[in-house]
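Single-structure report; data block below.
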Protein chains: 4
Amino acid sequence: MKKIRTAILGATGTVGQRMIQLLEGHPWFEISSLAASDNSAGKTYGEAAHWQLETAIPQAIAGMTVEQCRPTLDCDFVLSGLPSSIAGQTETDFASAGYPVISNAGSHRMEPDVPLLIPELNPDHLQAIEKQRERLASKGFIVTNPNCSTIGLVIPLAAIHRKFGLDAVHVVTMQALSGAGYPGVASMDAVDNVLPAIGGEEHKLETEPLKILGNWKNDAFEDAEMRISALTHRVNVRDGHLEACSVKVRKETSPEEVESSLAGFTSPIDDLGLPSAPRPVMILEKDADRPQPRLDRDRAKGMAVIVGPVAPCSVLDFKFRILSHNTIRGAAGAAILNAELLYRKELIG
Amino acid sequence: MKKIRTAILGATGTVGQRMIQLLEGHPWFEISSLAASDNSAGKTYGEAAHWQLETAIPQAIAGMTVEQCRPTLDCDFVLSGLPSSIAGQTETDFASAGYPVISNAGSHRMEPDVPLLIPELNPDHLQAIEKQRERLASKGFIVTNPNCSTIGLVIPLAAIHRKFGLDAVHVVTMQALSGAGYPGVASMDAVDNVLPAIGGEEHKLETEPLKILGNWKNDAFEDAEMRISALTHRVNVRDGHLEACSVKVRKETSPEEVESSLAGFTSPIDDLGLPSAPRPVMILEKDADRPQPRLDRDRAKGMAVIVGPVAPCSVLDFKFRILSHNTIRGAAGAAILNAELLYRKELIG
Amino acid sequence: MKKIRTAILGATGTVGQRMIQLLEGHPWFEISSLAASDNSAGKTYGEAAHWQLETAIPQAIAGMTVEQCRPTLDCDFVLSGLPSSIAGQTETDFASAGYPVISNAGSHRMEPDVPLLIPELNPDHLQAIEKQRERLASKGFIVTNPNCSTIGLVIPLAAIHRKFGLDAVHVVTMQALSGAGYPGVASMDAVDNVLPAIGGEEHKLETEPLKILGNWKNDAFEDAEMRISALTHRVNVRDGHLEACSVKVRKETSPEEVESSLAGFTSPIDDLGLPSAPRPVMILEKDADRPQPRLDRDRAKGMAVIVGPVAPCSVLDFKFRILSHNTIRGAAGAAILNAELLYRKELIG
Amino acid sequence: MKKIRTAILGATGTVGQRMIQLLEGHPWFEISSLAASDNSAGKTYGEAAHWQLETAIPQAIAGMTVEQCRPTLDCDFVLSGLPSSIAGQTETDFASAGYPVISNAGSHRMEPDVPLLIPELNPDHLQAIEKQRERLASKGFIVTNPNCSTIGLVIPLAAIHRKFGLDAVHVVTMQALSGAGYPGVASMDAVDNVLPAIGGEEHKLETEPLKILGNWKNDAFEDAEMRISALTHRVNVRDGHLEACSVKVRKETSPEEVESSLAGFTSPIDDLGLPSAPRPVMILEKDADRPQPRLDRDRAKGMAVIVGPVAPCSVLDFKFRILSHNTIRGAAGAAILNAELLYRKELIG
């Protein structure tokens, strides 16, 4: 089988590095181009990147020459790990030039014809691509994945919403340092401390799930109807976002039944055999002192969402904790899984 | 002025050490006895204690001989920093033998004739002492302070409750390591991690405020009527409990008015001149990225509660963050402040 | 091929857990018994162990019943991860009863007929087993691996010593928390701190290398002749001991030649195909800011020793840094590699 | 008494903030100007500074307008906390314009007529000012303090050198994060990690002590004769540099006598009553597990050097550990103490 040629935008950053790590030995995709800032362009990747991961830079990658982020890359699609500040224009340029763009950036997530995709939840949202292509007058398009803290939250929410209908969601996050990229959070701010109110993050948590859990209907996205309130925090943890979540449901039920809805969740993509799709997508933990970032973030290669026991909440109805690996399930792995779905659907390749 | 002779039970523990530190140079109290486990009894305090604080052991204290926790200590009252496992019986023994016992332990907090005291909030609860003395058939008695995570929470709640009436409170804590005592949390559990569900803590947060905010009426405590839901976590921070709190109020109001109720809070003890009482008891911070444990825990010598900006909550009504120093305002300082009120009320000394 | 039945003593501890993790899917060995304290005996392993590792407990292991540490286990040899306090007698009991004992404990390391084995360095020390068997009047015997901080140090020392002759070694360690076991170091001691002078560790570093680098001659171990001085510290790192080392050599040479001696090191076991043996055993890093615990400890599955660039030392001759994974290369992996050598030499199985 | 008007250069940085904190309530000096980068100039200090310290910004300071670093400030002398990258030219400009410049920067430390001053050790080096003034053709001049890691080291070295003569010094540092300024070290590099080889730091440690312990003779500095070898590391500690030091002395002696030389050290400035001078300048700790950064860095208000027990070293002669607060004794406090000496000597004011 001939592999699909993949370009990575923002290849030297935190998310770009994870994309490279996760694509090593990928059965369908191979990295054909690495692109980054003009600063890095022209250098070998080994020279340009301040590699932050515990596994070594793949040999073949270290020697590749970094290119500029211009829509002349030789590839079948691009994975974008660009920071939002420059993703907006650059990704549009690529899509307009005919490239499928699978993006982790926030810039285009809420656009009315851009899918905010989690393959296990809303693969039908890919229908929006058609409309997007018309707008761009191009065969290219943009598909995005949600913010890292949204992904961990919305997967269990989807399971509960489908069974019992969600009325309200209250979430308090304890997010890992890697979510801020590199250099990101100063060590003097992180040591012996917690940082409240990550910029813009609360708004993302309160709005992105509505789009994801909503429908594509009459050529437009229709938000799910529920209220979400979020309080975010950065804690002194390298990887793994922990979220304390309380929900109010529309249909009376019990903690046991909520747990069953989580444990028994099935997805429309279960039978597609996507290489990065975890089976199951959620792992339910029975111990009250789980999930924990260090012990649980790497389960199912960092692609599963770990949910702790469900307890009654005297203010809303139920409460539980969620953990997901923010740079794998919440970013690089999310984008790759999106690309896998698009390949299966013959939208790339 | 002759100083009041104070004995410290559990003097070698984390709370006991803070009591000693905070009493250094106290205008009213002087330490006359240090008592701890049989293991430590007979040694000098300098030998017996694994001193954990940044300031040195006070010279005079280091040379004192540690005594056993038996009700034969030569003092006017006892401050108890005992762990709950042994506080129950020991404190009862002291009270029955005629000692005023000012306790930080959980054992007697919810007893029907034991005040769960925060001087700024419910000094009238001291009326219960009379009934307690009858039960014990002793002039001795027990007064307790709340759990460390409760104290930071209930002070702002009291201000809001008084003005607008609280219907429901949702709180998610990020608590410091020192709250678990010494050796407490293993470093392997703390590094690069968050530990969910601190044992018993959620129940305390959901019940203690009801007693504190309630009334002493017809010789009994009557709980305040509100629902509280808590999710607790241990984070990699030395001192300072951060809490993310959302509230539903009974009377319509605005974030600005809630902030005013916090900033303008006055207390019945404001004019008593208690040496450890912070003025004001709450400090309102305007920046969304505050309070932070490292930067704010030591304000007003660790006795103030720092509250961040109040924002609308789309699920309940308002949300904000709270920080308090868990071993000062939340434990040793709380007990000392209680003792100061009792002294002013001529219940000790 | 029938697998060799392996019992693990101290199976619930930090080292025991790593042994279990590393033996999952081992080509030669299978775990037949798990033994631990009387406290744990009778429970399933899943119940008895407070599992600390990022990978899950192997399914088959979780359900096994923990046995007592008595020499009646049904196995071909025992791997001991016991704490030193009880390893001394227990291991002797097993050896006397006929079991080969591959131990990570400190108890028997310096005995005159017990090999202190690093397969890459001193496989000929296995000759001492014959003498040991005579003493014990048993076909059983004990083979030990060095202390975790010694292993990382002595492998590069061996390379330099072989080529240039070592006169003096000065080493300052920055050791990981996991080296103290569980619960081990209290988080209050670890956070925002460094702990000097790990108990007994400096003596081990100053003496164990002399035995390892020495010879078995005329039925006795003869120490290598060199002076070693060590200063040890515990730092706030989960895994991976970093050591700053300066050496004085007997034969004049250059930093480049010392680096060559490290990079070009070959071992007598290179051709034995031991499954856990890293190839090469040492990895030389060229960047001055390497090795780093987080980035380098897991290289070669935690079994390699990473050495930074060699620089001239104006007090001794050369200086460089060393990193090794303390619970893999420095403990569980070291013991398993020893067992593999013994199996190849037909001393077990 | 009229206070000396003090300007702070680099007032918004890590060192500048400490200078402001330490000068609050200073008996001799008052802050008359705050200067920083053009970015900050024109703002109030409260707006311009990202305040990092546990104590609040002094009220009067928060409202002051930040000025540019130009030699037109209205003050009697300047304290410079500038980064080295710009300190070189800026400080020369100030000195040439007639200002006494008391600098913490590295730029001018090794110049042949600039004192590298530690008041307790080499106050006679101030003689060099005369020559410097000639060169600059100004009444202004520059006096520097050593690098933060040098200060902690050289104070005990001075005591030993004076009594026994130092032949060689081997030092391995474990340095705090605050030494890198703000934002400084990225949290992703600091968490669960140690960073080797702080840029340029080893060279400073190997050369600055030679100047400090040397003599001003015939209008020139003459280095002390000894060899120093340094290996530096950044550890996950907020404040407090720990150093593991081994020394070779010229005159035979014992660990006890070395300890006596440290404990009994007296300084030429002991009788000058400088407000920031700690008495004694060194504190000798008897416990092998001390000094520790968290427990010992704040002793004597962060101005003392804490030395652990002295032990024999089998490679050199003696070994011991040193701790000093890097932003107080090692930077801001050092500069202020220098200014106090200069005031006493009537070189400023």
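Chain identifiers are assigned alphabetically (A, B, ...) following the order of the sequence lines, protein sequences preceding nucleic acid strands; residue numbering begins at 1 within each chain. Model, not experiment: these values are computed from the prediction.
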**Request:** Determine the option with the most heavy-atom pairs under 4.5 angstrom with chain B, choosing from A:L323, A:I228, A:V191.
**Result:** A:I228

**Request:** Give the member of A:A311, A:G308, A:A230 that has the highest number of heavy-atom pairs under 4.5 Å with chain B.
**Result:** A:A230

**Prompt:** Measuring heavy-atom distances to chain A, does B:L231 have an atom under 4.5 Å in its side chain, in its backbone, in both, or in neither?
**Reply:** both

**Message:** Counting only non-hydrogen atoms closer than 4.5 Å, does B:V235 touch chain A with its backbone (N, CA, C, O), its side chain (CB onward), both, or neither?
**Reply:** side chain

**Message:** I need the residue from B:A197, B:P196, B:A168 with the largest number of non-hydrogen atom pairs under 4.5 Å to chain A.
**Reply:** B:P196

**Request:** With a 4.5 angstrom heavy-atom cut-off, could you sort out which part of A:P291 is near chain B: side chain, backbone, both or neither?
**Result:** backbone

**Message:** Quick one, B:V315 with A:L316, criterion side chain to side chain contact (heavy atoms under 4.5 Å, CB included). Give me CA distance, side-chain angles, the key distance, then yes/no.
**Reply:** CA-CA 9 Å; B:V315 170; A:L316 301 178; 3.8 Å; yes

Across chain A and chain B, what donor-acceptor pairs are shorter than 3.5 angstrom?
residue: A:H170; atom: NE2; partner: B:S246; partner atom: OG; Å: 2.6
residue: A:M188; atom: O; partner: B:R294; partner atom: NH2; Å: 3.4
residue: A:D192; atom: OD1; partner: B:R238; partner atom: N; Å: 2.8
residue: A:D192; atom: OD1; partner: B:R297; partner atom: NH1; Å: 3.1
residue: A:D192; atom: OD2; partner: B:R297; partner atom: NH1; Å: 3.3
residue: A:D192; atom: OD2; partner: B:R297; partner atom: NH2; Å: 2.8
residue: A:N193; atom: OD1; partner: B:R294; partner atom: N; Å: 3.0
residue: A:N193; atom: ND2; partner: B:Q292; partner atom: OE1; Å: 2.9
residue: A:E202; atom: OE2; partner: B:R321; partner atom: NH2; Å: 2.9
residue: A:E206; atom: OE2; partner: B:K319; partner atom: NZ; Å: 2.9
residue: A:R227; atom: NH1; partner: B:S314; partner atom: O; Å: 3.3
residue: A:R227; atom: NH1; partner: B:V315; partner atom: O; Å: 3.3
residue: A:I228; atom: O; partner: B:S314; partner atom: OG; Å: 2.8
residue: A:S229; atom: OG; partner: B:K319; partner atom: NZ; Å: 3.0
residue: A:A230; atom: O; partner: B:K319; partner atom: NZ; Å: 2.9
residue: A:T232; atom: O; partner: B:R321; partner atom: NH2; Å: 3.1
residue: A:H233; atom: NE2; partner: B:R321; partner atom: NE; Å: 2.7
residue: A:R238; atom: N; partner: B:D192; partner atom: OD1; Å: 2.8
residue: A:S246; atom: OG; partner: B:H170; partner atom: NE2; Å: 2.6
residue: A:Q292; atom: OE1; partner: B:N193; partner atom: ND2; Å: 2.9
residue: A:R294; atom: N; partner: B:N193; partner atom: OD1; Å: 3.1
residue: A:R294; atom: NH2; partner: B:M188; partner atom: O; Å: 3.4
residue: A:R297; atom: NH1; partner: B:D192; partner atom: OD1; Å: 3.1
residue: A:R297; atom: NH1; partner: B:D192; partner atom: OD2; Å: 3.3
residue: A:R297; atom: NH2; partner: B:D192; partner atom: OD2; Å: 2.8
residue: A:S314; atom: O; partner: B:R227; partner atom: NH1; Å: 3.2
residue: A:S314; atom: OG; partner: B:I228; partner atom: O; Å: 2.8
residue: A:V315; atom: O; partner: B:R227; partner atom: NH1; Å: 3.2
residue: A:K319; atom: NZ; partner: B:E206; partner atom: OE2; Å: 2.9
residue: A:K319; atom: NZ; partner: B:S229; partner atom: OG; Å: 2.9
residue: A:K319; atom: NZ; partner: B:A230; partner atom: O; Å: 2.9
residue: A:R321; atom: NE; partner: B:H233; partner atom: NE2; Å: 2.7
residue: A:R321; atom: NH2; partner: B:E202; partner atom: OE2; Å: 2.8
residue: A:R321; atom: NH2; partner: B:T232; partner atom: O; Å: 3.1

**Asked** Using non-hydrogen atoms only, which part of A:V194 is less than 4.5 Å away from chain B: side chain, backbone, both, or neither?
**Response** both

